[in-house]
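See below for the structure under consideration.
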Amino acid sequence: MNFRKRTAHCGELRPSDAGRTVVLNGWVNARRDYGSIVFIDLRDREGVTQVVLDATDNPELAANLKDVRSEWVLWVEGAVRMRENPNPKIPTGLVEIVVRDAGVINRSEVPPFEIVDDLQTNEELRLQYRYLDLRRPTIQQKLLMRSRLASVTREYFSAEGFAEVETPVLTRSTPEGARDYLVPSRVNKGRFYALPQSPQLFKQLLMVSGFDRYMQIVKVFRDEDLRADRQPEFTQIDIEMSFVEQSDIMAMTERYVQHVWKRLLDIDLDLGFRQVTFADAMNTYGSDKPDLRYGLPIVDVTDYAASSSFVVFKSAADAGHVVKALRIPDAASFSRKQIDELTDLAKTHGAGGLPYLKLVQGEVSGSFSKNLPPDEATTLLSACSAADGDLVLFAVGEWERACTILGALRIEAARRLDLVSKTTTPYSMLWITEFPLLEHDPEEQRWVARHHPFTSPMTEDLHLLESNPGAIRARAYDLVMNGYEAAGGSVRIHDSTVQQRMFDLIGMSVEEANAKFGFLLKALKYGAPPHGGIAFGFDRLAMVLAGTNNIRDVIAFPKTTSGLSLMDGCPSDVDDKQLAELGIALRQ
RNA sequence: GGGAUUGUAGCUCAGUUUGGUUAGAGCGCCGCCCUGUCACGGCGGAGGUCGCGGGUUCGAGUCCCGUCGGUCCCGCCA
């Protein structure tokens, strides 16, 4: 196929180029045919340029291009000239190309959906024809932003003395954490590799080796159910540092984020991101990843509940549970239906119901106002700082449960009141610190690591290691951006004895620990430096930067919520021959 | 594993509540016309396994059962 190569792309021509003869290559974005004059909008990654073909000047060429339709690929040669009727909507709108010669490089079938930014098509079809979906400028911009993020990241960490070291993708399956994706070994039949959930152990071993500062942009895999912000394979910016403590890692991370925001968004972020302890975050926002672009704090009213006439509150307080309240300003106008929807939401998070009070022109109403003497209602509402026109929602129960319920309602209320669009702080950055080291798994009847079992306990809580494990706080920290857990890390245990005690605590025998993590325990005995690190969810970071709340928008070829790839149809069946080579028989 | 919601023309959706003639609209597509459009315009036209399978019924897009996808959420995700 003959075509003339471009001398300009479709987004660059301006009035100063008038008079130049250029060649463009691109896709037909739109065609407007007037018979003796035809306009063709030619599109490439950089933009759109209008091309004019005058049939009276060039009848032969016009006849050749008569069939041209959307998404055909053309080359076009002609002079740049000022437009009679400029189009202020596009950057090249002041100029156009008068075609002198042109040709069809490739034809296109009629696409299943139009290649436009404000596409209404369902995601199923878009994913099936992902290569067409990716022609849309909005998606391209997001992926180009992701590309720049990767460049800026490497540039920053390289300048800070970090070495990028690759770690294996075929690794050992380990207990704890997410389900592993397994890869059968042909050479060693009946045995399996696991795809890494993170390069955690390898980066710690690199610290033992003395690499001192490591970072890697790396794919990791977790075989768990998906969400709007979760894919089975995703990318981490994995970071580890030696001879540091928590504050050093957090400070380094903040400087990186500041650098990224400056370079990619030209926004100046102040260092010293807000820090909130896990306990405070749960108490005040009902979440360990609160979105602080808006307020809506939760208050504790357990003290008032203890002497309440409302039996639900009273008995909760007597049982050692808590009563929490969420005041939603100007929401007393919520209808019965809207309250029912909020109640359903509360129930999905484990609430029995949703007690609420409304204050309208001094009158108290609500689901339990009849069970509450007026003076008690007044006291309770003032404890919640409720003003006229407010709605107050209550959650009753075990501490973390009650907090979580109101945390979910807080997000929903913000959505309904459209608080995010009204914010004066478009980016909310905060650290969550002092996570519990362990949590109790009622199913397995044992303690499990909340972060991972290599996380160091806070020094001042070490004495609780055997007496009160649930109260131990970890030297762990999450960086939360606009309500997303963007990064998480910890200072690691660098002492093999402490590491062994940790394994004991989560019910792992010495034998098992040695079998599964013996290489780490051994390595820690050969002069391990104090070390710690953090890992960013690269996709989530790209999401926040690109201003989307769908992780699939920043992944070129994502999977659906059931883990399918609709374009190539994986996962797929494999031949019996392949299974036989691997020594695998499928069971029904 | 569970819940909610969704699937009708190439696309977006209406029609399903209360089963009943030939399943509609906008956009797109095809043909003709048009010299300044850029959401071009005008005239005409084609296009449907109502996701799939089974059932109830004289009759199913509509009711019932099952199933396969999409989206969101709970559990899960160190």
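By convention in this document, chain letters (A, B, ...) are assigned in the order of the sequence lines, proteins followed by strands, and residues within each chain are numbered from 1. As the structure is a prediction and not an experimental result, all values here were calculated from the model. Keep in mind that the numbers below use all heavy atoms, side chains included, and drop hydrogens, waters and symmetry copies.
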Of the options B:U71, B:C38, B:C74, whose atoms approach the side-chain atoms of A:E123 most closely?
B:U71
Paired with B:U5 by Watson-Crick or G-U wobble geometry, both distances under 3.5 Å: which nucleotide is it?
B:G70
Quick check on B:A39: is either OP1 or OP2 less than 4.0 Å from any side-chain nitrogen or oxygen of A:K89?
yes
Side chain of A:Q120, heavy atoms from C-beta onward: which of B:U35, B:C38, B:U12 has the nearest atom to it?
B:U12
hbond_proxy A:D225 side chain to B:G75 base (donor-acceptor, 3.5 Å cutoff)
yes
Stacking between B:U37 and A:F39, yes or no? Criterion: centroid separation under 5.5 angstrom, plane angle under 30 degrees.
yes
Would the base of B:G75 count as contacting A:R227 through its side chain, where contact means a donor and an acceptor less than 3.5 Å apart?
yes
Suppose you measure atom P in B:G61 against the same atom in B:U49; what distance do you get, rounded to whole Å?
13 Å
Taking CZ from A:R222 and C1' from B:G75, how many angstroms apart are they, rounded to a whole number?
17 Å
A:L345 has an atom CG; how far is it from atom P of B:C73, in whole Å?
11 Å
Taking 4.0 Å as the cut-off, does a side-chain nitrogen or oxygen of A:R69 come that near to OP1 or OP2 on B:G31?
yes
Would you say a side-chain N or O of A:T348 is under 4.0 Å from OP1 or OP2 of B:C73?
no
Got a salt bridge between A:D223 and A:R179, using NZ or NE/NH1/NH2 to carboxylate O under 4.0 Å?
no
Mind checking if A:D33 touches a base, just sugar-phosphate, or nothing, with heavy atoms under 4.0 Å?
base
Take A:Q204 and A:Q200 through the test side chain to side chain donor-acceptor pair (under 3.5 Å) and record every step on the way to the result.
CA-CA 6 Å; A:Q204 289 191 239; A:Q200 182 60 39; 2.9 Å; yes
